Amino acid sequence: MKYSALKGVHDILPPDIYIWQKAESTAKEIFSAYGFQEIRVPIIESTDIFVRSIGETTDIVEKEMYTFPDRADRSITLRPEGTAPVVRSYIENHLYNLPSPQKFFYSGPMFRYERPQKGRFRQFYQIGVEAFGAAEPKLDAEIISMLKLFLERLRIKELKFEVNSIGCEKCRPDYKKALVSFFSAKVADLCPDCNRRYINNPLRILDCKSSACTELRKGSPKITDYLCKDCQSHFEEFLSLLNILHITYNVNPSMVRGLDYYTRTTFEITSEHLGSQKTVVAGGRYDRLVEEFGGPATPAIGFAIGMERLVEIIKNVNPEFCILSPKVFIAAIGSKASTEGLLIAEKLRSKGMQAELGYDNVSLKSQLRRADKLGSNYVFIIGDDELQSGMIKWKNLKDGSQGEIGIRDAAEFREL
RNA sequence: GUGAGUGUAGCUCAAUGGUCAGAGCAUUGGACUGUGGCUCCAAGGGCUGGGGGUUCGAGUCCCCUCACUCACCCCA
């Protein structure tokens, strides 16, 4: 094979593409109902946009970005996530002057230079939403509810909703201190990675899967015990609204996000159908980011759906998901009949009916065989007899019934 | 970046170091002159991922390399 796709990227082909289209159109429909409008932002941005928002010491920025100099030697990065570009656009276009909250959704490819595995790719697709200008927990709950509806519409069940609050710039430092002092006596026994985390991001120790660290963090302080008064009541109201909305969730105090910009509410939706990369949706509040980017102080919240993972789940739970539209197949014998068939097909198509032609002047048998394989519902048969009589034959491939219809009326054909 | 596993036909997989590398599915054609699905028959399709080595002889053993997969890590 001379050429192949790059590592970690992939083609999306039929029949999978129908699942993608269904997921995308469903997202658009549901998100619109909640007042989210589509926004399209560039795939390339200045590198510093991502460094500033995601955080200099995160893995994404340190070793996973596709960063390169352009011809004028500016540092450009292929977006590794969607929030930063949307925030940049929100500020640059002064969207904060529009009535709050402003709600957007986006969809498109993201790029991270990672080692591929199940559910993880170098070019992957996300559909995400970002809502600016409302701090109330009502918005947080609404967004979770929207996700629930979206997933139900795709007939996906048995997902786990996990929520947490990671506090704000007032209370998180206290928690960090408590955590550091808790682990100070145990640093030596933590895994090498966690030794590094102990210095630059102690919260991540909670996330570590190594058995030693899992053991060592038993009894560690919980973020939820350290929340300041405001964060505490925000979180409590959020949870009570989830109850009112009949959303089943699990509070997971050790769920920390890998991007630095998150504050307060964080959440994740996971599935057992995904191997070790089981997060299909993740998001949270980022109440400080707009201001840090040079905009007015604006609370915000968002999430992103991993499309490959979503499609993987759909394929697992609902393999029959995509329904083929009815098709008419026109089998013609002889060149005159073939021309007639072409004209009928064109008329059907102009009315929006999917019509397929037999090619290559092959036997009727193989044309029918092909019609069957395409999943056609009906076949029109045109040959010398039909041209003479002016009546063409139709056959229903699903139940085998047959009949005749005038050549002129064939274009008016509706499911009989 | 680290580790493990796997590379043979379009796909899923066989083949003790020993004829010409096989099967099922798929594709195409035929049995059936103008009626699909079922059945039967046949055909096409392979530099056994690539390179080197051991051997009288390598798909098989050894080394290198590339690719894929899964896991660690990280994340959606």
Side-chain angles (χ1 to χ4, degrees), chain A residues 1-8 10 54 57-65 79-83 107-128 147 191-194 196-197 201 204 207-211 213 255-259 262 267-271 274-284 302-313 329 331-334 337 358 360 362-387 392-402:
Chain A
M1 192 81 70
K2 198 167 182 185
Y3 297 112
S4 58
L6 296 175
K7 187 193 279 276
H10 53 99
I54 298 168
T57 62
T58 56
D59 277 34
I60 293 176
V61 167
E62 275 183 342
K63 49 195 190 203
E64 293 177 3
M65 294 205 304
R79 63 183 185 196
E81 58 105 39
T83 299
S107 148
M110 307 294 162
F111 304 84
R112 290 181 202 172
Y113 194 87
E114 294 186 273
R115 192 80 170 261
Q117 75 184 69
K118 192 176 174 72
R120 192 171 73 181
F121 309 93
R122 289 186 173 180
Q123 176 176 339
F124 60 101
Y125 291 78
Q126 290 188 337
I127 292 181
L147 277 166
C191 72
D193 284 328
C194 283
R196 195 166 43 81
R197 293 178 183 128
N201 199 347
R204 296 222 64 107
D207 232 9
C208 184
K209 284 164 201 149
S210 96
S211 55
C213 299
M255 182 183 68
V256 287
R257 311 268 55 245
L259 288 69
Y262 285 110
F267 56 91
E268 248 179 54
I269 302 175
T270 59
S271 163
L274 289 176
S276 78
Q277 309 294 324
K278 43 172 128 209
T279 304
V280 61
V281 183
F303 66 76
I305 304 168
M307 288 299 289
E308 284 82 358
R309 295 179 187 180
L310 183 72
V311 169
E312 182 69 22
I313 297 171
F329 187 96
I333 307 118
D360 297 335
V362 290
S363 69
L364 179 62
K365 175 196 281 296
S366 58
Q367 293 192 61
L368 278 162
R369 216 176 351 231
R370 183 155 160 259
D372 185 53
K373 271 168 194 156
L374 289 172
S376 313
N377 290 356
Y378 292 91
V379 178
F380 287 179
I381 300 167
I382 313 171
D384 292 340
D385 299 349
E386 287 75 13
L387 289 175
I392 64 174
K393 294 212 172 72
W394 60 262
K395 177 164 185 171
N396 181 330
L397 287 186
K398 305 294 171 196
D399 63 18
S401 60
Q402 298 198 46

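Since the structure is predicted, the reported quantities are computational estimates derived from the model, not experimental observations. Chain letters run A, B, ... following the sequence lines, proteins first and then strands; every chain starts at 1.
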When rounded to the nearest Å, what value does the distance between [atom1] atoms of [N] and [M] take?
{"N": "B:C11", "M": "B:U65", "atom1": "C1'", "result": "27 Å"}
{"N": "B:A9", "M": "B:A14", "atom1": "C1'", "result": "13 Å"}
{"N": "B:G36", "M": "B:G30", "atom1": "P", "result": "12 Å"}
{"N": "B:G24", "M": "B:C62", "atom1": "C1'", "result": "34 Å"}
{"N": "B:A4", "M": "B:G17", "atom1": "P", "result": "25 Å"}
{"N": "B:C20", "M": "B:C25", "atom1": "C1'", "result": "25 Å"}
{"N": "B:G45", "M": "B:A21", "atom1": "P", "result": "14 Å"}
{"N": "B:U2", "M": "B:G10", "atom1": "C1'", "result": "35 Å"}

For [X], which residues count as a side-chain contact (heavy atoms from CB on, under 4.5 Å) partner, sequence neighbours excluded?
{"X": "A:Val61", "value": "A:Val51, A:Ile54, A:Thr58, A:Met65"}
{"X": "A:Glu64", "value": "A:Asp59, A:Ile60, A:Arg112, A:Glu114"}
{"X": "A:Lys7", "value": "A:Pro116, A:Arg122"}
{"X": "A:Ser363", "value": "A:Lys365, A:Ser366"}

Sugar-phosphate, base or nothing in reach of [X], heavy atoms under 4.0 Å:
{"X": "A:Val281", "result": "sugar-phosphate"}
{"X": "A:Ala371", "result": "nothing"}
{"X": "A:Gly275", "result": "sugar-phosphate"}

Taking [atom1] from [X] and [atom2] from [N], how many angstroms apart are they, rounded to a whole number?
{"X": "A:Ile60", "N": "B:C75", "atom1": "CD1", "atom2": "P", "result": "6 Å"}
{"X": "A:Glu268", "N": "B:A76", "atom1": "CD", "atom2": "P", "result": "8 Å"}
{"X": "A:Lys63", "N": "B:U2", "atom1": "NZ", "atom2": "P", "result": "12 Å"}
{"X": "A:Gln277", "N": "B:A76", "atom1": "CD", "atom2": "P", "result": "11 Å"}
{"X": "A:Gln367", "N": "B:G30", "atom1": "CD", "atom2": "C1'", "result": "17 Å"}
{"X": "A:Glu114", "N": "B:A71", "atom1": "CD", "atom2": "C1'", "result": "14 Å"}

Closest approach of A:Glu386 to A:Ile381 (non-hydrogen atoms, all atoms of both residues):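 The pair with the smallest heavy-atom distance is CG-O, 3.5 Å.
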Could you write out each protein N or O paired with an N or O of nucleotides 64-69 of chain B at a distance under 3.5 Å?
residue : atom : partner : partner atom : Å
B:C68   : OP2  : A:Lys7  : NZ           : 3.1

Sequence neighbours excluded, which residues qualify as ring pair (Phe, Tyr, Trp, His ring centres under 6.0 Å) partners of A:Phe121?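 Partners of A:Phe121 under the ring pair (Phe, Tyr, Trp, His ring centres under 6.0 Å) test: A:His10.
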Residue list, ring pair (Phe, Tyr, Trp, His ring centres under 6.0 Å) with A:Tyr125, at least two apart or on another chain: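 A:Trp20.
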Please write out each protein N/O paired with an N/O of nucleotides 33-37 of chain B under 3.5 Å, distance rounded to 0.1 Å.
residue : atom : partner  : partner atom : Å
B:G34   : O6   : A:Asp384 : N            : 3.4
B:G34   : O6   : A:Asp385 : N            : 3.0
B:G34   : O6   : A:Asp385 : OD1          : 3.4
B:G34   : O6   : A:Asp385 : OD2          : 3.1
B:G34   : O6   : A:Glu386 : OE1          : 3.3
B:G34   : N1   : A:Glu386 : OE1          : 2.8
B:G34   : N1   : A:Glu386 : OE2          : 3.0
B:G34   : N2   : A:Glu386 : OE2          : 2.7
B:U35   : O2   : A:Lys395 : NZ           : 3.2
B:U35   : N3   : A:Gln402 : OE1          : 3.3
B:G36   : OP1  : A:Lys365 : NZ           : 3.2
B:G36   : N7   : A:Lys395 : NZ           : 3.1
B:G36   : N1   : A:Leu397 : O            : 2.5
B:G36   : N2   : A:Asp372 : OD1          : 2.7
B:G36   : N2   : A:Leu397 : O            : 2.8
B:G36   : N3   : A:Asp372 : OD1          : 3.4
B:G37   : O4'  : A:Asp372 : OD2          : 3.3

Dot-bracket for RNA chain B, 5' to 3', counting Watson-Crick or G-U wobble pairs under 3.5 Å, with [ ] for crossing pairs and | for inter-strand pairs? (((((((..((((....[...)))).(((((.......))))).....(((((..]....))))))))))))....
With sequence neighbours excluded, give me every salt bridge (charged side-chain N to carboxylate O under 4.0 Å, His left out) pair touching residues 373-385 of chain A.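 Checked against salt bridge (charged side-chain N to carboxylate O under 4.0 Å, His left out) - neighbours excluded - no pair reaches residues 373-385 of chain A.
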What residues, two or more places apart in sequence or in another chain, satisfy salt bridge (Lys or Arg N to Asp or Glu O under 4.0 Å) together with A:Lys395?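 Here no residue qualifies.
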Could you tell me which residues satisfy salt bridge (Lys or Arg N to Asp or Glu O under 4.0 Å) with A:Lys118, sequence neighbours excluded, listed by chain and number?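 Per chain and number, A:Lys118 pairs via salt bridge (Lys or Arg N to Asp or Glu O under 4.0 Å) with A:Glu312.
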State whether the distance check finds a donor on one side and an acceptor on the other, under 3.5 Å, for side chain A:Arg120 versus base B:C70.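 Not at all, since no donor on one side and acceptor on the other fall under 3.5 Å apart.
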Answer whether the closest heavy-atom distance between the side chains of A:Phe267 and A:Leu147 falls below 4.5 Å.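 Side chain of A:Phe267 against side chain of A:Leu147, heavy atoms only: contact under 4.5 Å found.
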Taking the side chain as every heavy atom from C-beta outward, state whether A:Asn377 and A:Asn396 have any pair of such atoms under 4.5 Å apart.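 Answer no - side chains too far apart.
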Within the side chain of A:Arg115, is there an N or O that forms a donor-acceptor pair under 3.5 Å with the backbone of A:Gly8?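 No; judged by distance alone, with no hydrogens or angles, the pair does not exist.
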5' precedence on RNA chain B between A:Leu274 and A:Val280 (nearest-nucleotide basis):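 Whichever sits nearer the 5' end wins; that is A:Leu274.
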